[in-house]
Protein chains: 2
Amino acid sequence: MCAQTPRYRELYEKLRKHILEGVYKPGDLLPSENELCAVNQVTRPTVRQALNLLANEGYIKKRQGLGSVVQSPPRGVGILSLSGTTSAIGSDNLKTEAIVKPNVRPWPPNFIFELTEVERESGCIYFERLRFVNDIPIFYDISYLPNINLPRFTSRSLNNVSLFDILREHYQIQVKGGEQNILAIKADERIQEHFGVKKNHPILRLDRKMETNREGFSFYSQIYCNTEDYRLTGRF
Amino acid sequence: MCAQTPRYRELYEKLRKHILEGVYKPGDLLPSENELCAVNQVTRPTVRQALNLLANEGYIKKRQGLGSVVQSPPRGVGILSLSGTTSAIGSDNLKTEAIVKPNVRPWPPNFIFELTEVERESGCIYFERLRFVNDIPIFYDISYLPNINLPRFTSRSLNNVSLFDILREHYQIQVKGGEQNILAIKADERIQEHFGVKKNHPILRLDRKMETNREGFSFYSQIYCNTEDYRLTGRF
DNA sequence: ATTTACTACTTGTATATACAAGTGCAAATT
DNA sequence: AATTTGCACTTGTATATACAAGTAGTAAAT
């Protein structure tokens, strides 16, 4: 009786969906906070909490005295920030292909993030995926999940589904936040092959730690990104 | 009688300072929300607003039933998110050197961000700086400010001072948020020279738009970053 | 001795309310 | 006609309060 989604979160999801579906178009004003109160039967602080989430993620921009203006979606691929319930990696025209299926193995030595004793002992579930935006390979990512209480995970298919969704629906795990490091590297042979680029092609690497609602449970991914055509976007 | 800093912001600044100064060390618990209420003569929503800012920026992590745990500072150079009042680019061991002093010129064609009519007509204040972390050149950044109501700006010295501070103190301009794009590129000749790297060295480029409290006033910077030794870090 | 239950704390969510401050438009004044 | 004033709206900030839910230690029961 704990993990039920709070009302401000429900409202956030609803408004976000409406914006993405075009019910509210860029430049439009969202209903005022008081209207949203009345329509959704909640109070203004609750509405404001929902709107703040939307504003932080760039869906709307609030202007005192005017209202909440719906923003036009960023031109690139959003990945720098993500919502707690959905992967923020694009949405349309995104295909995912599992290159290496989930399997259990020990953690790599000198892992990109520090691990707890429990994590290290449990080993990790490892898999690799390639993600296409408009049929162009843009992301190549390697995921590492601690092998702790994730029954039947290795037999799941990961094609065209969000890891975030699987974790939420089947394991009640939600991402609450995380940490990321970004650097530029040269494409090594493996990357060259996946992206079809030449040697020395500059590639962006993201190392991410995803922290979840399950205490002490984090998972990790290393994402290689070809920013030649699609760059990463984010707000702060 | 508008731009006075709100109380939650004051509390945020105070706690942030204390954390940075080591009054509260990583792993410590911050005083509980109720204690902070009593000490600072504010109510819990106000305290929570301040703590949320700290949590978003990774200074603390809140744990229900326990308290607010102070986090250890990230290992890299924080730039992916920034606070409204201080530049988030490092803090210690950071030197800045102006390579091209501020001068007025027309905006470049095909600018990295869309400009309003007013901005384009006014021209821009342009300057270049090189930033050193521990005496190693890490950032090379080009700044573009709309030439609108910024008296005597071009005669200011920009060595070892934060642009954010200058704008805040002399022009009452505060950064409220912004947008950024990230991509990986090869070092061109200019970059090679500044960073002392070879041809084809991968470099990270950030294009940033900073939105301010002055309506319609944004400024821009293009930051080249050598992530060989220092990577960019951020939370989400 | 081990387990259980309780208690006193913590943060999370939600309501209700009030006033300040910015925006835009219409009405009143000049 | 042009300017100013005022009003009705918006979001921003702040207070006061209540209960839910997670944590950790202690006391009680087995």
Side-chain angles (χ1 to χ4, degrees), chain A residues 1-13 15 24 27-56 59-71 84 172 174 176-177 211-217, chain B residues 1-13 15 24 27-56 59-71 84 172 174 176-177 211-217:
Chain A
M1 57 288 280
C2 62
Q4 61 176 4
T5 47
R7 301 170 76 132
Y8 73 89
R9 180 114 229 151
E10 275 180 26
L11 178 55
Y12 156 80
E13 303 277 3
L15 291 173
Y24 305 113
D28 285 359
L29 282 176
L30 240 50
S32 80
E33 298 184 351
N34 283 324
E35 282 182 74
L36 290 173
C37 293
V39 173
N40 300 94
Q41 291 292 306
V42 292
T43 53
R44 200 151 84 91
T46 308
V47 168
R48 285 178 62 77
Q49 212 165 345
L51 292 182
N52 280 338
L53 285 179
L54 290 172
N56 286 340
Y59 290 104
I60 61 170
K61 180 183 271 179
K62 302 214 256 181
R63 286 185 52 193
Q64 189 176 144
L66 184 59
S68 298
V69 186
V70 177
Q71 298 298 105
Q172 287 78 49
Q174 292 185 359
K176 290 287 186 180
E211 295 158 356
T212 71
N213 57 340
R214 190 188 282 189
E215 181 55 33
F217 186 90
Chain B
M1 59 287 275
C2 63
Q4 61 176 2
T5 47
R7 300 169 73 128
Y8 73 89
R9 180 114 229 151
E10 276 180 27
L11 178 56
Y12 157 80
E13 303 277 3
L15 291 173
Y24 304 113
D28 285 359
L29 282 177
L30 240 50
S32 80
E33 298 184 353
N34 284 324
E35 282 183 73
L36 290 172
C37 293
V39 173
N40 298 286
Q41 292 291 307
V42 292
T43 54
R44 200 153 84 92
T46 308
V47 168
R48 284 179 63 77
Q49 212 165 345
L51 292 182
N52 281 338
L53 284 179
L54 290 171
N56 285 341
Y59 290 104
I60 61 171
K61 179 183 273 179
K62 302 215 258 180
R63 286 185 53 191
Q64 189 177 146
L66 184 60
S68 298
V69 186
V70 177
Q71 297 298 105
Q172 288 78 48
Q174 291 185 358
K176 290 286 186 181
E211 295 158 358
T212 71
N213 58 340
R214 191 189 279 189
E215 182 54 34
F217 186 90

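These numbers were taken from a predicted model, which means no experiment stands behind them. Letters A, B, ... mirror the listed sequences (proteins, then strands); counts begin at 1.
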Rounded to whole Å, CZ of A/R48 lies from C1' of D/dA14 at a distance of 11 Å
Quick one: does B/R7's side chain have a donor or acceptor within less than 3.5 Å of a partner on B/Q41's backbone?
-> yes
| Yes or no on side chain to side chain contact (heavy atoms under 4.5 Å, CB included) for B/R44 and B/Q49, after CA distance, side-chain angles and deciding distance? | CA-CA 8 Å; B/R44 200 153 84 92; B/Q49 212 165 345; over 6 Å; no
Of A/P45 and A/S68, the one whose nearest nucleotide on DNA chain D sits closer to the 5' end is A/S68
Considering only heavy side-chain atoms of A/T46, the closest of C/dT11, D/dA16, C/dA14 is C/dA14
Between CG of B/L54 and P of C/dT11 the distance, given in whole Å, is 13 Å
Donor-acceptor contact below 3.5 Å, side chain B/N40 vs main chain B/L36 = yes
* Asked: Do the side chain of A/T212 and the main chain of A/F217 share a donor and acceptor less than 3.5 angstrom apart?
  -> yes
From OH of A/Y8 across to P of C/dT11 the rounded distance in Å is 16 Å
Under a 3.5 Å distance rule, please check whether A/D28 uses its side chain to pair with a backbone N or O of A/Y24 as donor and acceptor. no
B/Q64 atom CD is separated from D/dA20 atom P, nearest whole Å, by 13 Å
Checklist entry - Does the side chain of A/V70 come within less than 4.5 Å of A/Y59's, by heavy atoms? => result no
Closest of C/dT15, D/dA14, C/dT11 to the B/R7 side chain is D/dA14
In whole angstroms, the gap separating C1' of D/dA21 from NZ of B/K62 amounts to 15 Å
Taken to the nearest whole Å, CD1/A/I60 to C1'/D/dT10 is 13 Å
**Prompt:** What about A/R44, does its side chain sit under 3.5 Å from the base of D/dG12 through a donor-acceptor pair?
**Reply:** yes
To the nearest 0.5 Å, atom OG of B/S68 lies from atom CD of B/E33 at 6.0 Å
Whole-Å distance, A/K61 NZ to D/dG12 P, equals 13 Å
When rounded to whole Å, the CZ to P distance for the pair A/R63 and D/dT11 reads 12 Å
Judged by nearest nucleotide, the residue sitting upstream toward the 5' end of DNA chain C, A/Q41 or A/L66, is A/Q41
Note: contacts of residues 27-34 of chain A with DNA chain D (heavy atom, under 4.0 Å) are A/S32, A/E33
